[in-house]
Structure formats: structure tokens, C-alpha cells
Amino acid sequence: MKSGIGSLYMQAMDSAECAEIEALLCPHSVVLTVQPKQLISGLENPSEHFFYIKEGETSHLIVGSDGSEKLLFGLTEGWIFGESQMITDKEFQTHIIARSKCVLYQVPKSVFYELFNENPVFREFALRCITEKVMKLCSEMENLSFCSCKVRLKNLYCANVNKDELLDGGWYNVDCTYTHYELAVIIGSARVTISKLINELCDEGFMRMINRKAQINAKQYEEHMKEYSIRP
């Protein structure tokens, strides 16, 4: 598992580990197919189940009283969610939305208790999932507390830079493509602010847009990485 400041979406789990966990969960699961943008946290009796992501990506958000949203983290293939409620028996006020088409294993609470108590492989896996999420939230708290919106946006782009190829003598592609809405939710800002900041970063030569895809200036990328410790 790897994560970093600005990269709030967790990477997919190792395929061998996924196969092992799926073998434990599949016999006890109901398989659900969830369409993009569908609210997963609205499924029936969420505190009675936890979920394993067989395919797809999920976004886990908090929503303010004014309707504004902030991404806590995103999960992809091989991750579980809802496991904290199995341990604490408390409901968390988060919105979980399918970022893409998802295939989920819905697993009863009783199975979680049985595997957690009796199967060391599952217990270690569940604890690592929880720990990674806590570390991600601590990292994002640091990001929000000490970095401006512009720096947070730079962190996000730099965390997703592809250094395998240097283009036009000095530019890196950004692997991920985000809408302005997604950027606002990730860094905790408004869409109009995102538009303004992207224009500023282009004017400053930090980035450029080619066919609606972001590219980052290699020299300024290295300078930013030296100033801000972005975890791999």
C-alpha cells in the first residue's frame, strides 16, 4: 500500500493478497454492482455489514451544512470499508459514493467477528486497512493545517506526476485527470477557486494544459518537491 500528501486515493492492493482475502470473504458475501455516482452509504443497514471492493473505486466524503464536500480518502480494488463500525459499533457520518462502476462483496458483521478473531491473515489485513486510513487522515490534516489552497493543489498534481518521460525538454504528464469539482472536493475549496488557481499556476509556468490534460514543469516540480515533503 502506498499513499502520500495530495494523493488521497489509495493504490490497489497486491493481487496475491486480494486473492487470499477474496477466498475468505466470497463464500459469505452478497455481490453488489454499484453504478458510478451511486450513494453506497445509503444501502440498507450499513452497520450490519462491511464491504470488500472487488472492482472499481469509492470516494469517502464529509458534507458540510451548506452542502460543501471534502474528500477524506478514496479506495480501490482490494480494500475494505465499514470495518471500523464492526469494531466500535458506532456509525460515522460519511458519504460513500462509487467513483466508477463497482463490484462489492457485502459481508455480514458476524463474519467479520469470526475472521478477525480466528484468522490471523484477515486480522492483519483489517488492521493494516484501518491504520493506512488513519495515516492518510493525519497526512491530510497536516496538509490542510499548514498549506495554502495553491500549495495543496500543487501537492496533488506533483503526487500524480509521471516522471517516466520528459516531454518537450521540460514537462511531465500528470497521470490522473480530475474535473474542477473533483479538485475542489479533494483539496477542500470551491470550484471557482480551482479555476483561478489553475490559471495562476499556468501564468507562473508551473503547469500547462495540453488537450485538457495537465503537464507540470519539470524544474518547478523538483523545486516544489524539495520545499514540501510529499510522501511517495
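- Closest heavy-atom contact between Arg123 and Glu118: NH1-N, 4.1 Å.
- Using a cut-off of 4.0 Å between Lys/Arg side-chain N and Asp/Glu carboxylate O, Lys150 and Glu204 are scored as salt-bridged.
- For Lys163 and Glu222, the salt-bridge test passes: some basic side-chain N is under 4.0 Å from an acidic carboxylate O.
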Residue pair Glu140, Lys70: steps toward the salt bridge (charged side-chain N to carboxylate O under 4.0 Å, His left out) verdict: CA-CA 11 Å; Glu140 183 61 6; Lys70 174 67 182 80; 3.0 Å; yes

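- No side-chain heavy atom of Glu77 sits under 4.5 Å from any side-chain heavy atom of Cys18.
- Using a 4.5 Å cut-off on side-chain heavy atoms (C-beta onward), Asn173 and Lys213 make no contact.
- Note: Thr94 OG1 to Leu71 CG = 11.0 Å, rounded to the nearest 0.5 Å.
- Salt bridge status for Arg208 with Asp203: absent, with no side-chain N to carboxylate O gap under 4.0 Å.
- Residue Gln35 holds its CD atom at 11.0 Å from CD1 of Ile40, rounded to the nearest 0.5 Å.
- Around atom CE of Met209, more than 12 heavy atoms belonging to other residues, nucleotides or ligands sit under 6.0 Å away.
- The nearest pair of heavy atoms linking Cys129 to Met13 is SG-CE, 3.7 Å.
- Summarising the geometry, atom CG belonging to Asn155 is positioned 9.0 Å from atom CE belonging to Met225; distances are rounded to the nearest 0.5 Å.
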Working for side chain to side chain contact (heavy atoms under 4.5 Å, CB included), residues Ile21 and Tyr52: CA-CA 9 Å; Ile21 297 301; Tyr52 172 85; 3.9 Å; yes

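- The CD atom of Gln215 lies 14.5 Å from the OH atom of Tyr221; values are rounded to the nearest 0.5 Å.
- Residues Tyr113 and Ile130 share a single hydrophobic cluster, defined by chaining ILVMFWY side chains whose heavy atoms lie under 4.5 Å apart.
- Looking only at distances, no side-chain donor or acceptor of Asp168 sits under 3.5 Å from a matching main-chain atom of Gly170.
- The side chain to side chain donor-acceptor pair (under 3.5 Å) test applied to Thr131 returns no partner, not counting sequence neighbours.
- Linking ILVMFWY residues whenever their side-chain heavy atoms come closer than 4.5 Å, directly or via other members, places Val30 and Val34 in the same cluster.
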Please evaluate residues Thr33 and Lys101 with respect to the criterion side chain to side chain contact (heavy atoms under 4.5 Å, CB included), reporting the C-alpha separation (whole Å), side-chain torsions for both, the decisive distance (0.1 Å), and the verdict. CA-CA 7 Å; Thr33 300; Lys101 184 178 180 180; 3.6 Å; yes

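- Checked by atom type, the side-chain pair Tyr181/Glu69 shows a donor-acceptor distance below 3.5 Å.
- Grouping the Ile, Leu, Val, Met, Phe, Trp and Tyr side chains by contacts below 4.5 angstrom, directly or via other members, places Leu156 apart from Leu144.
- Glu223 CD: more than 12 foreign heavy atoms inside a 6.0 Å radius.
- Atom OG of Ser15 sits about 10.0 Å away from atom CD of Glu17, to the nearest 0.5 Å.
- The shortest non-hydrogen separation linking Asn160 to Tyr178 is ND2-OH, 3.7 Å.
- Contact check for Val107 versus Phe51: no side-chain heavy atoms found under the 4.5 Å cut-off.
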Can you list, pair by pair, the side-chain donor-acceptor contacts under 3.5 Å of residues 55-64, counting residues two or more places apart and other chains?
residue, atom, partner, partner atom, Å
Glu57, OE1, Arg99, NH1, 2.7
Thr58, OG1, His60, NE2, 2.9
Ser59, OG, Tyr9, OH, 2.6

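- Residues meeting the salt bridge (charged side-chain N to carboxylate O under 4.0 Å, His left out) test with Glu22, sequence neighbours left out: Lys54.
- A 4.5 Å side-chain heavy-atom check between Arg128 and Glu124 finds at least one atom pair inside the cut-off.
- The main-chain N or O of Ser84 is found under 3.5 Å from a side-chain atom of Thr88 such that the two form a donor-acceptor pair.
- Looking at every heavy atom in both residues, Ala218 comes nearest to Leu166 through CB-CD1, 3.7 Å.
- Heavy atoms only, all atoms of each residue included: Ala184 and Ala190 are closest at CB-C, 3.8 Å.
- Residue Asn211 qualifies as open at atom CG: its count of foreign heavy atoms under 6.0 Å is 12 or below.
- Remark: Lys154 qualifies as a cation-pi partner of Phe206 under the 6.0 Å distance and 45° angle criteria applied to the six-membered ring.
- Side-chain contact between Lys133 and Leu75: present, with at least one pair of heavy atoms (C-beta onward) separated by less than 4.5 Å.
- The closest donor-acceptor contact from the side chain of Asn143 to the backbone of Ser139 lies at 3.5 Å or more, if one exists at all.
- Taking each heavy atom of Thr177 and Glu182 in turn, the nearest pair found is O-OE1, 4.1 Å.
- Using a cut-off of 4.0 Å between Lys/Arg side-chain N and Asp/Glu carboxylate O, Glu114 and Lys109 are scored as not salt-bridged.
- To the nearest 0.5 Å, atom CG of residue Leu24 and atom CZ of residue Phe122 are 8.0 Å apart.
- Note on ring orientation: taking the six-membered ring where Trp is involved, the planes of Phe112 and Phe116 are parallel (angle under 30°, cut-offs 30° and 60°).
- In this structure, Tyr157 and Met207 have side chains that are in contact, with non-hydrogen atoms separated by less than 4.5 Å.
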For Ile80 and Phe125, run side chain to side chain contact (heavy atoms under 4.5 Å, CB included): C-alpha distance rounded to whole Å, both residues' side-chain angles, the deciding distance at 0.1 Å, then the answer. CA-CA 9 Å; Ile80 57 175; Phe125 171 77; 3.8 Å; yes

Test side chain to side chain contact (heavy atoms under 4.5 Å, CB included) on Asn199 and Leu197; report intermediate values, then the result. CA-CA 5 Å; Asn199 288 334; Leu197 291 177; over 6 Å; no

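- No chain of hydrophobic side-chain contacts below 4.5 Å, direct or via other Ile, Leu, Val, Met, Phe, Trp or Tyr residues, connects Phe146 to Leu8.
- Between Phe50 and Phe81, a ring centre-to-centre spacing not shorter than 6.0 Å is recorded.
- Between Val31 and Val103 the shortest side-chain heavy-atom distance falls below 4.5 Å.
- By the criterion of side-chain heavy atoms lying less than 4.5 angstrom apart, applied directly or through intervening Ile, Leu, Val, Met, Phe, Trp or Tyr residues, Met135 is not grouped with Ile186; the two fall into different hydrophobic clusters.
- Under the 4.5 Å side-chain criterion, counting only non-hydrogen atoms from C-beta, Ile198 is in contact with Leu153.
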